[in-house]
Protein chains: 2
Amino acid sequence: MLQYSNEKAYTFKGGRVNMVSISDVAKQAHVSKMTVSRVLNHPEQVSKEIFDTVQTAINELGYVQNRAGRALATNKSYTIAFVMLDEVAAVDPYFGQLVTYIADILNQAGYTMELHRSLDNDFHAIDGILVSGARESDDAQLNALTYPLVTYGEQAGAASVDVDNAAGIKLAKQHLVDAGYEQLIYLGLDLDEQFAQARLDGFLDSEIPVDQNNIYRIANDDHIARSLVQTLQLAPKTGIVAATDRLALGALYACLIDQQAVPQDVGIIGFDGIFIHQMGPLTLTTIAQPLERIAEAMVSQLLEQIEQQVRTNPHIVLTPELQLGDTTLHN
Amino acid sequence: MLQYSNEKAYTFKGGRVNMVSISDVAKQAHVSKMTVSRVLNHPEQVSKEIFDTVQTAINELGYVQNRAGRALATNKSYTIAFVMLDEVAAVDPYFGQLVTYIADILNQAGYTMELHRSLDNDFHAIDGILVSGARESDDAQLNALTYPLVTYGEQAGAASVDVDNAAGIKLAKQHLVDAGYEQLIYLGLDLDEQFAQARLDGFLDSEIPVDQNNIYRIANDDHIARSLVQTLQLAPKTGIVAATDRLALGALYACLIDQQAVPQDVGIIGFDGIFIHQMGPLTLTTIAQPLERIAEAMVSQLLEQIEQQVRTNPHIVLTPELQLGDTTLHN
DNA sequence: TTGTATGCGTTATCAA
DNA sequence: TTGATAACGCATACAA
């Protein structure tokens, strides 16, 4: 099923085209290579006249800096590795957003982002590493890395950026109570990971007492959540706190199928706020992870380590925000 | 809301740690630099004894090749730029999968993948470019690039890999007819893009005649699709062909709310098969884009250009596949 | 089979 | 303010 049609074909002379180097620019501008280098890196040290001459030459020749040469000379590559250890199938939409934000922010700072999917390969020519989806079993490998490093999610022995998961769930509870829901149910994850535990802890927080019998822990699957919720006898004015938007969506389906009025009789609030919350028959009310702020924090912490040439291990915690949708009552 | 706790802090001596070079290995193994280089690049030219000695030295010292040095010497960087021009919010889950496949495949081939989000920045130190989400307005910029280039989706003057959208929709029609649905409705996109037109063309294909009055074109939004379908009088045994899974999901919501039996009375089939199709109360039957094959085709076509040092413009078309779900009747 | 000399493009150092 | 020289780490060409 392949269609080939060679309309235009030209060779890349000598491997690549456009091999204008700093020497070519220097010749064209009748100055030394160093002067050209200074125009690029320390323009304040160059006289206005020469600066203009060199700039003109650069434009005329279409000179583009060769990063390999610079990397070799400066021992800096202006490249950051983003290592994505999560299973994409499980975290899909979140991944796309995070990687995009990080790439954009790094780009603005003059860096390039490489994408890696494993810690096993050697890293070459990078100035630092960002990691998402690391587990405890990755600790040894992470600690063996000799690069500036920031992880997403708490990690021993490494700088990290994380969301305050417990605070997020407390926010969710408060919102449901404020909206007049009287009985709270928790649809949680049966995962043995730190964030899952923290979200459960948030639900168990004593400020708003809850009934231990109303806590369920299942896999992060909307179909399973739907089945579970369909077995429950939901009293009027029930508020469902789901540990993820995906679970919340399952609860919503259950209500829809069983003719429960959402948000009048049952309120549903999810967690994450990334794509999935808007994929239901109703837009979910959710606790939104501040992905852009997460990306910014990860990058700025990493660049600080690079600049200071010191590896530090701060644990930066960001508070998620309530994002109103159509599955809870509110003004 | 920041918590800092510096447990361990050490400096990166001289910018980075671990600056073992080929010279250090050579010294340790009592050979010349060239012999070390050969062990790495042409092991067959080296005697077994020396090979082992050098390998031992490499392991002992923890030597990692410096890519900048190699790039400078060989004029190859073993780095590919993947330029993602799509709006992430619109194509979210698809993007995550594609970029992941491409990164993995490139990695296996010994390449590193950089992620870019614009064609505006200069590209340095790359061997080739992959592009997704280009529009006609990007043609000029793409043609100005002097690197080996492959785009996803048809593009003038560049090699491209695309899905046979018309064939996919024809597959969908055939499946619905085979399943016994008698009246076909098309829920299409109002976009002015090539793929949207191709999918419509597939529905209009004369092999299975359709009624022009049963064609609707809207934005790619499940809420809008739901509203639209709710206004339709769906005769029993109606088959809905949706141009995207997101539109199909909207149709499914409409049926659910209006108590139409899916798949018994109404059959629904989507297009894309990436994440969204499994996010509904029922798993969608869909025409799945072969993302992994797309990624493989893009990479292999690009590497071929790089190897041959020739820019060619084949148009590679891949056929999508029917993926059965719970929204159509079948055995 | 192994070693020597040279150059890739850039920047830092030092001298003018 | 500008320029000459050396160095970064590696691989190619050539010599031994």
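- Heavy atoms of B/His124 sit nowhere under 4.0 angstrom from any nucleic acid atom.
- Listed nucleotides D/dT2, D/dT5, D/dG9 differ in distance to A/Met34; the shortest reach to its side chain belongs to D/dT5.
- Using a 4.0 Å heavy-atom criterion, one finds that A/Leu40 contacts no nucleic acid atom at all.
- Candidate nucleotides D/dT2, C/dT11, D/dC10 were compared by shortest atom distance to the side chain of A/Thr35, and D/dT2 ranks first.
- The closest side-chain heavy-atom distance from B/Leu61 to B/Gln28 is below 4.5 Å.
- One atom, CD of B/Gln65, and another, C1' of D/dG9, lie 9 Å apart when rounded to the nearest Å.
- Residue B/Asn41 places its side chain closer to D/dA11 than to any other of C/dG9, C/dT2, D/dA11.
- Phosphate proximity of C/dT10 to A/Tyr63: present, with a side-chain N or O under 4.0 Å from OP1 or OP2.
- Comparing C/dT10, C/dT2, D/dT2 against the side chain of A/Arg38 picks out D/dT2 as the nearest.
- Nearer the 5' end of DNA chain C, as judged by each residue's closest nucleotide, is the contact made by B/Gly69, out of A/His42 and B/Gly69.
- The side chain of B/Ser37 approaches D/dA11 more closely than any other nucleotide in the set D/dA11, C/dT1, C/dG3.
- The distance from atom CG of A/Leu72 to atom C1' of D/dA7 is 9 Å, rounded to the nearest whole Å.
- Using a 4.0 Å heavy-atom distance criterion, A/Arg67 is classed as making no nucleic acid contact.
- Distance from the side chain of B/Asn66 is smallest to D/dG9 among C/dT10, C/dT2, D/dG9.
- For C/dC8, neither phosphate oxygen OP1 nor OP2 lies less than 4.0 angstrom from any side-chain nitrogen or oxygen of A/Ser21.
- Between B/Gln45 atom CD and D/dA13 atom C1' there is a gap of 12 Å when expressed in whole angstrom units.
- Within 4.0 Å of B/Val46, counting heavy atoms only, lie sugar-phosphate atoms of the nucleic acid but no base atom.
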